[in-house]
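We use all heavy atoms of the structure for the numbers below, so side chains are in, but hydrogens, waters and symmetry mates are not. Labels below follow one simple rule: chain letters A, B, ... track the order of the sequence lines, proteins then strands, and each chain is numbered from 1.
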There are 2 protein chains.
Amino acid sequence: MKLQADKEVPEPPGTLATGVYERLRRDIFSGGLPPGEKLRTEYLRNRYDVGNTPLREALNRLSADGLVARIDQRGFSVTKLSREEFEGLLKTRCWLEEIALRESIKNRTQEWEENLVIALHRLSRVLPMVDGEANPDWEAQHHRFHLSLLANCGSEWLLSFCTQMLDHTDRYRRFASDASYGDRDLLMEHRSILEATVDGDADKAVELLVGHYRRTGKIVLSADISASSAK
Amino acid sequence: MKLQADKEVPEPPGTLATGVYERLRRDIFSGGLPPGEKLRTEYLRNRYDVGNTPLREALNRLSADGLVARIDQRGFSVTKLSREEFEGLLKTRCWLEEIALRESIKNRTQEWEENLVIALHRLSRVLPMVDGEANPDWEAQHHRFHLSLLANCGSEWLLSFCTQMLDHTDRYRRFASDASYGDRDLLMEHRSILEATVDGDADKAVELLVGHYRRTGKIVLSADISASSAK
DNA sequence: TATGGCCATATTATATAATATTTATACGCT
DNA sequence: AGCGTATAAATATTATATAATATGGCCATA
């Protein structure tokens with residue numbers, strides 16, 4: 001039985017390129033490399049202490065993820081955030097996650113439902129904010145919980161699309177998270193999604209999930225995204 | 001007005017890396033580099049006459065496209081084709097294109113409908129097969145027609161997902177295209193999808209589109225895909 | 001004086017080549 | 001079959017070369 005928590009052993013990456021990729025990714029998510037930032041290769045080589053080859057590999061992978069923009073002969077930069085982009089993301093996410101959740105419920109198994117319960121339990125054991133800062137542990141568990149909801153949909157493709165969009169949404173949320181979570185009972189929102197799901201009530205689960213996203217969306221949109229998009 | 005055909009000027013790529021990327025892509029689609037083929041960097045450097053840097057960049061981009069598999073320390077290889085993978089692809093494609101087509105119709109404009117008519121017209125002017133070989137011109141126009149159907153959906157995200165899946169489907173179709181198209185009136189299938197679409201009959205358009213895909217899917221699945229997947 | 005184009009220069013991205021290091025794979029042995 | 005070594009291959013560095021882009025000053029014109 002595979003119940004023990006995935007040990008957070010940061011496990012040395014297989015290659016330097018993969019390592020830089022992961023570090024760059026973290027720095028983009030955390031804001032260490034803010035949206036719009038020009039990514040000069042020489043600077044990054046020093047910053048991460050690697051050579052040209054692994055660095056360019058990492059940047060190319062990130063640009064495929066949509067986290068980095070690449071223009072031939074003009075190099076790389078961190079992708080900007082924008083209101084319009086976020087609105088499109090939110091809309092598309094609702095479309096796709098509705099399908100994924102309905103399919104997951106349609107194919108439901110005891111194992112999947114139990115994984116969901118575990119995911120929610122773990123999420124309940126961490127706080128969204130610590131000392132006014134976003135808590136990375138909560139971010140990780142939150143990410144997992146939402147993916148777990150969709151994990152049973154039976155389509156690797158759909159799951160990977162949803163994962164991509166979840167990543168991007170998390171990035172927006174992080175940048176807008178000055179906006180208060182305070183008056184929301186997030187745990188209860190997640191719990192009710194879970195309950196409708198294990199009850200097999202797809203309509204209700206979808207409604208709750210989409211409502212959950214739209215509510216978060218409003219908060220993100222109420223924050224001044226462009227302020228984070230430094231030139 | 002922008003009606004003239006996009007001139008097929010192969011326009012020199014901005015960078016060598018982009019150039020190799022495009023050449024590799026073509027060779028994977030054409031079968032010059034068959035599914036499963038190990039991609040040794042030294043071999044490819046000679047084959048395309050480029051250095052390490054642009055080659056690895058190209059390979060990394062392709063692996064993000066899902067056309068190339070990358071395993072740390074074990075290099076690159078052309079992704080294999082499999083029956084299961086294709087079935088998942090087809091299923092997911094039907095889900096997503098249904099949304100995209102319904103939204104496109106919901107938002108329909110005269111300009112979009114006219115673009116569709118043009119796309120179908122161009123498709124009608126080329127033959128799927130020439131001398132028993134797949135006709136690249138038909139492939140290109142076919143690709144465009146199907147994208148045009150979805151282009152009005154109002155979501156860049158959804159459109160990019162559909163494009164990815166269309167690319168992969170095209171690849172499967174190419175490898176299975178020994179199977180006869182003969183007894184199908186493809187042009188008529190496309191024409192009736194178009195008609196339902198400009199009539200604003202979303203239900204019918206979706207039904208026709210999905211039927212079109214499933215019919216093609218059957219043909220692809222009837223071919224022996226694994227035969228193409230050289231070790 | 002202000003405006004806009006234009007060229008020289010600086011900067012940066014892109015690329016090569018030679019080479020080092022590490023890791024995987026193949027081979028031959030017991 | 002299992003084991004260790006030899007070989008091949010992937011990964012990475014460094015130094016350097018080439019080419020595109022960005023910058024800033026210069027001049028002509030209004």
Taking A100(B)'s backbone N and O only, do any of them form a donor-acceptor pair with W95(A)'s side chain (distance below 3.5 Å, no angle check)? no

Does CD belonging to E156(A) count more than 12 external heavy atoms closer than 6.0 Å? no

Starting at the 5' end of DNA chain D, which residue's closest nucleotide do you reach first, R74(A) or R45(A)? R45(A)

Salt-bridge test for K80(B) and E85(B): reply yes if a basic N is under 4.0 Å from a carboxylate O, no otherwise. no

All side chain to side chain contact (heavy atoms under 4.5 Å, CB included) counterparts of A151(A), not counting sequence neighbours: none

Expressed as a whole number of angstroms, how long is the span from N46(B):CG to dA9(D):C1'? 14 Å

In residues 47-59 of chain B, which ones come under 4.0 Å of DNA chain C, going by heavy atoms? V50(B), G51(B), T53(B), P54(B)

On DNA chain C, reading 5' to 3', which nucleotide is the first and which the last to sit with an atom under 4.0 Å from a heavy atom of chain B, could you check? dT14(C) to dT25(C)

Compute the centroid of each ring, for Y213(B) and then for H146(B), and state whether the two points are separated by less than 6.0 Å. yes

Under the criterion side chain to side chain contact (heavy atoms under 4.5 Å, CB included), which of L116(A), L120(A), N115(A) is the partner of I118(A)? N115(A)

Is the closest basic N to carboxylate O distance between E57(B) and R61(B) below 4.0 Å? yes

Could you check whether atom CG of N46(B) has more than 12 heavy atoms from other residues, nucleotides or ligands sitting under 6.0 Å from it? yes

Whole angstrom value for the distance that separates C1' of dA9(D) from CD1 of I71(B): 14 Å

